[in-house]
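Both ligands and their constituent atoms are indexed starting at 1 by order of listing. Worth knowing before you read on, the calculation uses all heavy atoms, side chains too, and leaves out hydrogens, waters and symmetry mates.
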Amino acid sequence: MTQVSVFMDVEDPINPYADDAARDIARLFSGLGIKGSFCFTGEKCRTLLSRGRGDVLDAYQPHCLGLHTDTHSYHPTTMEMLADVTYEEGCRLALATESRGMEAFHSAFHRKPAFWGGAGNTWSPEITDAIAKLGIPAYSYALTSLPNLAIHRFNGVIALPQALSISETDWADSDRASMRSEQVLQSVQLLDSPWLGIFVGHPTRLRYNQFWDVPYNAGRTTASPEEATLADESTYQRCIDNLSEFLENLKRLAPIVGIDDVLKMGWQFRTPDQDELEHFRSETPKAIRGASRWPIHRANLNPEGIVAKTLSLESSIEVAELPKSL
Ligand SMILES: [Zn+2]
């Protein structure tokens with residue numbers, strides 16, 4: 001049977017009610033008896049600590065937690081930092097930023113991140129070198145791509161692709177929420193995969209009318225924090241109710257596990273065949289180029305260096321499979 005993990009990203013260091021929204025979401029999952037897989041930025045960890053929000057941090061203790069870069073949309077982003085440097089220089093830079101994120105994460109949660117998730121899918125292969133050195137065994141939202149969304153190991157780190165998602169604008173509209181929920185639940189039943197990742201949004205974007213990082217679009221940096229406008233109370237409540245209903249239905253359909261549990265499922269690794277390598281060579285560059293068009297990135301970001309560095313590590317790919325049950 002397919003097991004699923006449900007992801008949300010907790011990353012807004014600016015808007016004050018984002019903290020309450022993050023706490024509400026953690027308690028929603030806990031109340032339903034569901035272990036979520038939540039990505040936290042280092043900056044969000046520092047913000048919650050400095051605001052004395054131990055209640056928010058405590059609410060996440062029952063869940064699986066990952067590192068979502070140190071500063072997410074602040075410039076330079078991961079891709080902006082790594083696009084134009086050699087792989088060796090990039091490894092040094094990536095280790096410096098992700099070490100800062102890891103330190104903040106540890107101060108907040110007193111544990112190591114179970115995985116690393118790219119911010120806005122921003123990524124470059126030096127990240128895998130850095131997180132391996134930091135003892136983080138896996139990355140989610142993988143841009144490295146194999147047929148059938150297969151889990152794989154790339155440069156020594158386990159790569160978890162994202163299969164399905166439902167957005168905040170879907171949650172805010174009950175008709176759209178039920179339509180999208182139904183589609184995702186059907187996909188969970190139809191997709192022949194031992195594990196599926198489902199992304200269901202950002203707590204802050206349920207509470208506010210826009211993403212917290214819009215002021216950082218196209219390479220911009222703000223002189224002082226620019227707050228988003230609050231969604232009205234009924235919209236926020238509708239988002240929570242629709243998400244809650246989806247989670248209850250999903251729970252009836254498939255076991256919901258954390259990424260820490262997924263990594264313990266007994267994966268075995270083998271070398272890829274020719275078809276799998278050809279898929280990697282053709283689809284991975286598309287995914288990287290797509291991610292480079294994230295609106296936050298500076299206009300002149302050229303992803304081709306990242307594509308080349310990624311393809312040069314092709315020989316490190318191993319396909320993950322579960323042993324066939326007898
Ligand atoms: Zn994010």
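Between Trp123 and Tyr141, the gap from one ring centroid to the other reaches at least 6.0 Å.
Between Phe280 and Phe154, the ring planes are tilted. Angles from 30° to 60° get that label. Classification of the His72-Trp294 ring pair by plane angle, with boundaries at 30° and 60°, yields perpendicular. Taking the six-membered ring where tryptophan is involved, the planes of His75 and Tyr216 are tilted, since the angle between them lies from 30° to 60°.
Salt bridge absent: Lys251 and Glu248 never bring a charged side-chain N and a carboxylate O closer than 4.0 Å.
Between the Arg207 side chain and the Ala18 main chain, no donor and acceptor come within less than 3.5 Å of each other.
With a cut-off of 2.8 Å, the protein N/O/S atoms near the Zn ion (ligand 1) add up to 3.
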